[in-house]
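FYI, side chains are in, hydrogens and waters are out, and symmetry mates aren't considered; it's all heavy atoms of this structure.
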Amino acid sequence: MQCCRGHIVHYRAEVDGLRALAVIPVVLFHAGIASFSGGFIGVDIFFVISGYLITAKIYSDLERGTFDLWDFYERRARRILPLLIVVLAVSIPVFHLILVPSDYSRFVRSAISSLQLTSDIFFRQSGGYFDAVDHPRPLLHTWSLSIEEKYYIAFPLIFALVFRKHRSQLARTMLAAAAIFFAVSIFFTVTKPTGAYYMFFARIWEILAGAAIVVVGADARFSASCRMLKELAGWMSIAAISVAFWAYDEHLVYPGMYALVPVLGTCALIVSATPGTSLHALFTWRPLVFIGMLSYSIYMWHQPVIVAAEERGLFDGWAQIAVLLVILALSVASWAFVEQPFRRKSSVGRKPFFVASVFSLVAVVSAAKYTGSLSEERVAGLMPRETTELQMGDKCFLLDAKNSVFSETCRLTTDTRPRVLLVGDSHSASIFPALKSYADKAGFELKLMSAAYCLPLATAFPENRSETATPRCAEINRQIITEIEAKKPDLVVLAAYMFQWSAKAGVAQVDERWTYEGYYHDFLMSLADLARSTPVLVIGQLPIWKKSLPDLVALDAGVRNIPLSDLTQYDSAGLASGLLPFDATYRRDVTNGGARYVSVIDGICRSGKCPRYTKASDGKLELTTFDYGHLSEAGGDLTVSAVIAPAIQETFNVKLTASED
């Protein structure tokens, strides 16, 4: 008897065991367990298993002449939809309470996209799978559901057509399709390395690989020599997949060629783990089979539970074990009370299932949109007055990426008054309105020359290293240096988001999207050169918050919208980690280079806590920033009056007019 002939139509417990091999590493990867840095390949294993099982069912029905397309779609809906709706129904109120409003609004959009089978597109547009994004992604895992379900909308039709019209060519067609889409996957992985991970056409070859096993007869009975071959192939596959779990990590450009290991390895295990083999004994071990039966529930619950625990600071040390046990408990309950009843037509008939599904979908979407609008209203009620119209946008503060030339209104004059030039990035622009108001009162000229998303001062950058180290930014900085050399201002004031760009903020490595290795050294050298010929006042790092400050305060105010006056004014928990030590480092490095440094942290913060709100000019309370760190009108007034104005007065060594007000 040939080794490879026939097809599976009966339940295979060992395939449930294989599901356990897929889901456990995925959970441990998302839990941050270092030994499972490649645990994400569990999704590839799921794709292969799905392709195999579903194609086997379709093939069997077609052979018996009982295949019904609408029945197929109903089975898929019963398999996927009830638990997805339950997970969303639980997640919506939980994350409404624990996420800051902007993150919750993003969560709502991801929830709706998961129901529309567009999660893969949503997450591809909002950051790479391995990117260290600044927002939680409780439903990140639903991207794979979107891939699978889009695939199964068209696949049964195409498969049935080829089966009926060209059955003799079915195996060749399936293998050719898998090979073609594998080539497509490699192409997209090379040309679109960030988005390929989620891409439908970069992934469907993995499902097709599982489907191809069915049509080439991988489950046929086998001879003794074939048994030995299967044992060898199966154990080699386990070894290869195990190495991938340990050796693969976020630095791979995935899927591409690297996906061959889990995909071919899983195909080999499906072929090999048949009765009479040691692999069959391993994968039919009851605990593994049980985990495999729970795998869909585990997969659906693990990501939102882990993210919720992380957001509440409950995912460290022993708490991790407790969180994993919660995931298991939820999975057992949902398998028993959601998955199993809805999959059986005898428990829930077609009409009740359809009515319940429609009602539940409408209810979940409505709840998501309603709570999302509530979150947006919470933030809107706290947003301070922005000062963008006072920042000389695209004249002295270059915002448009196409604009690299400063307006003549930004140039220093030959005025006999003290002349001050404010330079830097968007953070310097946020200081400008309050500092300009002070300058007018104090009797000195103030001009602004700054650019958003540009590393300050350095005029030569490595090529293709950063979005903030571009030829445009180098040209902008040359204009600033030329202006300083030609006009010789009495004082140059510099303010920038150096906390992020210095790579000295306690992070393990430089984020090359925003800076490059060695920039901080280049900046200090340029600053020292400038300080040798011109008085320079460096404004210390403005307070940086972990999230947008209005978001953080809205979360603190809660759904009851507690007024600012009832909230703690000074806070440390919301500040970015490492901010205070960096301020000390920045002060030391700037001072050693010959420039003067004034600490905003020392000037407006108290005992490591910084003000979230202050009194505005009209007497009302207002947040100090309108995002993670750009000053509001009230925040600018506070910073200038408490920190910058005294430093400028001391630099000029005169009693300026404004000091008498």
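S37 places a side-chain N or O within donor-acceptor distance of the main-chain N or O of W246, the cut-off being under 3.5 Å. With S185 contributing its side chain and F181 its backbone, the two residues share no donor-acceptor pair below 3.5 Å. Counting only distance, with no hydrogens or angles, the side chain of T470 and the backbone of C473 share a donor-acceptor pair below 3.5 Å. Side chain of E206 to main chain of V263: no donor-acceptor pair is present (N/O by atom type, distance under 3.5 Å, no hydrogens or angles). Y198 places a side-chain N or O within donor-acceptor distance of the main-chain N or O of Y129, the cut-off being under 3.5 Å. Listed for the T277 side chain is a donor-acceptor partner under 3.5 Å among the backbone atoms of T274. Looking only at distances, no side-chain donor or acceptor of S50 sits under 3.5 Å from a matching main-chain atom of F47. Side chain of T189 to backbone of A196: no donor-acceptor contact under 3.5 angstrom is found. Side-chain atoms of Y52 never come within 3.5 Å of backbone atoms of I270 as a donor-acceptor pair (strictly under, hydrogens ignored). Under a 3.5 Å cut-off, the side chain of K192 and the backbone N or O of F187 do not form any donor-acceptor pair.
Taking the six-membered ring for Trp and thresholds of 30 and 60 degrees, F155 and F159 have ring planes inclined between 30 and 60 degrees apart. Between F40 and F29, the ring-plane angle classifies as perpendicular under the 30° and 60° cut-offs. Using the six-membered ring where Trp is involved, W514 and Y453 have ring planes that are parallel, under 30° apart on the 30 and 60° scheme.
Annotation for H135: atom NE2 counts as buried by contact number, over 12 foreign heavy atoms lying within 6.0 Å. Within a 6.0 Å sphere centred on CZ of F201, heavy atoms belonging to other residues, nucleotides or ligands number 12 at most. Applying the 6.0 Å contact sphere to OH of Y258 captures no more than 12 heavy atoms from other residues, nucleotides or ligands. Atom CZ of R172 is surrounded by 12 or fewer heavy atoms from other residues, nucleotides or ligands within 6.0 Å. Residue F200 places its CZ atom among more than 12 non-hydrogen atoms of other residues, nucleotides or ligands, all under 6.0 Å distant. A 6.0 Å sphere centred on CZ of F130 holds more than 12 heavy atoms belonging to other residues, nucleotides or ligands.
Qualifying disulfide bond (SG atoms under 2.5 Å apart) partners for C267, counting only residues two or more places apart in sequence or in other chains: none. Qualifying salt bridge (Lys or Arg N to Asp or Glu O under 4.0 Å) partners for R76, counting only residues two or more places apart in sequence or in other chains: E148, E149.
For the pair F290/V332, a side-chain contact is recorded, criterion being any heavy-atom separation below 4.5 Å from C-beta on. I298 places none of its side-chain heavy atoms less than 4.5 Å from the side chain of S295.
Atoms CZ and CD1, from F582 and I544 in turn, are 9.5 Å apart once rounded to the nearest 0.5 Å. To the nearest 0.5 Å, atom CZ of residue F283 and atom CG of residue L288 are 7.0 Å apart. Annotation: the span from M498 atom CE to L455 atom CG amounts to 7.5 Å, rounded to 0.5 Å. The line from CG of L269 to CH2 of W235 is 9.5 Å long, rounded to the nearest 0.5 Å. Note that the NE2 atom of H302 and the CG atom of L330 stand 13.0 Å from one another [nearest 0.5 Å].
When ring centroids are compared, Y296 and Y299 stay outside the 6.0 Å threshold. Ring to ring, F107 and F95 are close: their centroids are under 6.0 angstrom apart. Aromatic pair Y73/Y152: centroids not less than 6.0 angstrom apart. Between Y628 and Y497, the distance separating the two ring centers is shorter than 6.0 angstrom.
Salt-bridge annotation for R203 and D44: present, with a side-chain N of the basic residue lying under 4.0 Å from a carboxylate O of the acidic one.
Taking every heavy atom of both residues into account, F122 and S110 meet most closely at CE2-CB, 3.5 Å.
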Residues V365, L115; criterion side chain to side chain contact (heavy atoms under 4.5 Å, CB included); working and verdict: CA-CA 9 Å; V365 171; L115 294 172; 3.7 Å; yes

